[in-house]
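Notes follow once the structure below has been shown.
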Amino acid sequence: MTTETKLPFDQEYITSFSKDMNEPDWLTELRVQALEKADALPMPRPDKTKIDKWNFTQFANLLVKSEAFASLDELPEDVKALVNLEAKDSSLYIQRNNKPAYISVSKELREKGVVFTDIFTAAREHGELLKKYFMTAVKSDEHRLTALHAAFMNGGAFLYVPKNVEITQPVQAIFVHDNAEANVFNHVLVVAEDNSSVVYVENYISTVPQADSQFNIVTEAVAGNNARIQYGAVDTLAKGVTTYVNRRGIAARDARIEWALGMMNDGNTVSENVTNLVGDGSYGDAKTVVVGRGEQVQNFTTNIVHFGKRSEGYILKHGVVKDSATSIFNGIGKIEHGASKSNAEQESRVLMLSEKARGDANPILLIDEDDVTAGHAASVGRVDPLQLYYLMSRGISQAEAERLVIHGFLAPVVNELPIEGVKKQLVEVIERKVK
Amino acid sequence: MGGSVLSIKDLHVEIEGKEILKGVNLEIKGGEIHAIMGPNGTGKSTLSSAIMGHPKYEVTSGSITLDGENVLEMEVDERARAGLFLAMQYPSEISGVTNADFLRSAINSRREEGQEISLMKFIRQMDSKMEFLEMDPNMAQRYLNEGFSGGEKKRNEILQLMMLEPKIAILDEIDSGLDIDALKVVSNGINEMRGSDFGCLIITHYQRLLNYITPDHVHVMMQGKVVKSGGPELAQRLEAEGYDWIKQELGIEDETVGQEA
Ligand SMILES: Nc1ncnc2c1ncn2[C@@H]1O[C@H](COP(=O)(O)OP(=O)(O)OP(=O)(O)O)[C@@H](O)[C@H]1O
Ligand SMILES: [Mg+2]
């Protein structure tokens, strides 16, 4: 059964939007087809969270008017804090709601033939390249939200790293949400061709305190043979923003994809993070930290699927939940038949800080091959009063003792984040959120 | 003489509805070293926990004061900042919090905002105390007590003692699980603290610790009370003869707390 919901924007609107953006025909076509299918497709079903009452489909605006930033000086303070202002030659894309608002591409990237641009420019200027990968890891007809994503895509970034190119400086994208009316369907595509490597970091940041809107985010990370993608993200979207975020990677032979995700939204969030270890010897590492507070309900599914032989997948998630918030952690390690000598490990831990907080950690191993190793650990618990007693017996106040225990709990994941700046920022966000 | 006075009067303590301490009287002054001995399960750790404010222990009557201030009205952290310190029999492990960060927080908790100890000064102090206690310098960056061996935990308690410089310290079985060399090192640490500003209550089962740290007073606990007090010779006699003679003298059949004399 599918509930009939009239979508807020029709084919005509989408087609004319696509034409206005000068998109190639294939993309217009892809949008139109996705829109046609959307109604008939079911909603995704995150395990243990009912989302049928969440609003993912009804909203007033697909585009809001936003000005570009003429220089970094114009950035709001919160956003400035994310940028290394001293760096002279950095690679940075800033989007303001759905408007590409700032871009700088380093000399290194330009010289090495790297493409780094907003998704609209990518469609216009690198249409064939984009077409090769766009919505291939995440298909538009998987469920209603991927279909809506494809139909309504109104922002995003494209990063393409050619063969044998190793980029030393991190590439950064900041998606600023500063208009409470904005709804963002953001698509990020990162392609690392054979033997290349790149570190990409993104921030989703609301500067409005509250909104009643939707973010529908899809990331595709494609790593060619022996390529390496380190993908860091810190999401800090405001209360009232309903988020669907799907970050998916495909790793070819001997490729590595390493995720470090700080899930710090204040609104209801469904997050899927999937890594398909397609090639032999491929490696996936998915680290997630979560803080839930207020009334928010969040569901985090991390899934590593082993197809290639000798593939290795590691899932590590630590979350704290306070107030009346709910956080569900689903971890799935799946080893397909033929993926011999693979290893699937996962660890999920949830710390609840209040009586009303709810946390759940569900580790799942699905194994269709004999010659493999796998393991999991999961726990859901509360702050140990004896730990607090011990710390306080040295003069540390209760608030500070709790802060230490919480930071300590999240440290194993936070400390593993590959980029110092993002790590520091994440620590600050955690500090704010757990206060 | 700037020494403090910890005064315990007719202290009764319950845990989960069961009375464990049944009227303990004890006074510890700056400059004094007291030792408490006594068979297992007679209330020694209960006394130390009640002094520090362990959440599970309920004081039902009696008083504890530090320099006249009512300790029982203070939160655990306030007791520590007032000058009390407890080296615990079983220290907690806290994952993700480094020993150094923890100790710095503890030191700064005693200082005003803006007056925090400088990182350089802190590191210098910590390095020198760790060297004194013959600790591996890596222990500073390890997570607090996590995976520490029994002896390493005890040494780490003494490191905290030396860094925090309390007025009155209670050391609950600081010698248990220590090898001979570690026992010497830990004793050196405690002796280093000795002075008119420092009072100490040592809970131990063994005379050998008291060979290194000569106590001024020795007390014996049985059935949740101090049943006998004396000088260092009392500990020596206990080491040689055990507890039977005290039990006989006082007519005690079963020394544990469930029993009445
Ligand atoms: N949660 C509890 N419920 C009931 N009885 C308890 C509880 N905790 C401690 N006790 C009892 O209180 C008594 C005193 O315990 P305490 O730890 O103070 O003894 P102790 O003198 O320190 O012994 P040891 O020398 O073995 O360390 C023991 O009989 C113990 O079983
Ligand atoms: Mg004891």
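Small disclaimer: the values here were computed from a predicted structure and weren't measured. The chains referred to below are lettered A, B, ... by the order of the sequence lines, with proteins before strands, and numbering in each begins at 1.
For Gln387(A) (side chain) and Glu93(B) (main-chain N/O), a donor-acceptor pair under 3.5 Å exists by modelled atom type.
Ranked by heavy-atom pairs under 4.5 Å with chain A, the list Glu78(B), Gln160(B), Arg79(B), Lys56(B) is led by Gln160(B). Put simply, of Pro55(B), Ala82(B), Gly96(B), the one with the most heavy-atom pairs under 4.5 Å next to chain A is Gly96(B). Ranked by heavy-atom pairs under 4.5 Å with chain B, the first of Pro412(A), Ser393(A), Pro385(A) is Ser393(A).
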Q: Begin from the C-alpha positions of Leu386(A) and His54(B) and carry the test side chain to side chain contact (heavy atoms under 4.5 Å, CB included) through to its verdict.
A: CA-CA 8 Å; Leu386(A) 289 185; His54(B) 188 295; 3.2 Å; yes

Q: Run the numbers on Leu391(A) and Ile94(B) for side chain to side chain contact (heavy atoms under 4.5 Å, CB included), then give the verdict.
A: CA-CA 9 Å; Leu391(A) 295 172; Ile94(B) 297 169; 3.5 Å; yes

(Q) As a quick check of understanding, evaluate side chain to side chain contact (heavy atoms under 4.5 Å, CB included) for Leu404(A) and Leu144(B), giving each step before the final call. (A) CA-CA 11 Å; Leu404(A) 283 173; Leu144(B) 179 53; over 6 Å; no

Q) So Ser109(B) and Glu400(A), side chain to side chain donor-acceptor pair (under 3.5 Å) or not? Walk me through it. A) CA-CA 9 Å; Ser109(B) 74; Glu400(A) 175 70 5; over 6 Å; no

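Summarising the geometry, atom CZ belonging to Arg349(A) is positioned 9.0 Å from atom OG belonging to Ser95(B); distances are rounded to the nearest 0.5 Å. Atom OG of residue Ser92(B) and atom OH of residue Tyr389(A) lie 9.5 Å apart, to the nearest 0.5 angstrom. With rounding to the nearest 0.5 angstrom, the CD1 atom of Ile396(A) is 10.0 Å from the CZ atom of Arg81(B).
Looking at Phe409(A), the atoms closer than 4.5 Å to chain B (heavy atoms on both sides) all sit in the backbone: N, CA, C or O. For chain A, the nearby parts of Pro91(B) are the backbone and the side chain; heavy atoms of each come within less than 4.5 Å. For Asn415(A), the part lying near chain B is the side chain, with the backbone staying farther off; criterion is any non-hydrogen pair under 4.5 Å. The part of Glu157(B) that comes within reach of chain A is its side chain, from C-beta onward, which places non-hydrogen atoms under 4.5 angstrom from that chain. Contact annotation for Arg110(B): only side-chain heavy atoms (C-beta onward) come within less than 4.5 Å of a heavy atom of chain A. At a 4.5 Å heavy-atom cutoff, Leu103(B) makes no contact with chain A through either its backbone or its side chain.
When Asn145(B), Leu86(B), Val76(B) are each tested for a side-chain contact (heavy atoms from CB on, under 4.5 Å) with Tyr390(A), only one passes: Asn145(B).
Crowding of Glu69(B) atom CD: a count of heavy atoms from other residues, nucleotides or ligands under 6.0 Å not exceeding 12. Within 6.0 Å of atom CD in Glu27(B), more than 12 heavy atoms from other residues, nucleotides or ligands are found, so the atom counts as buried in its surroundings.
Closest approach of Met392(A) and Ala80(B) over heavy atoms only: O-CB, 3.8 Å.
Under the 6.0 Å distance and 45° angle rule, Arg394(A) counts as a cation-pi partner of Phe85(B).
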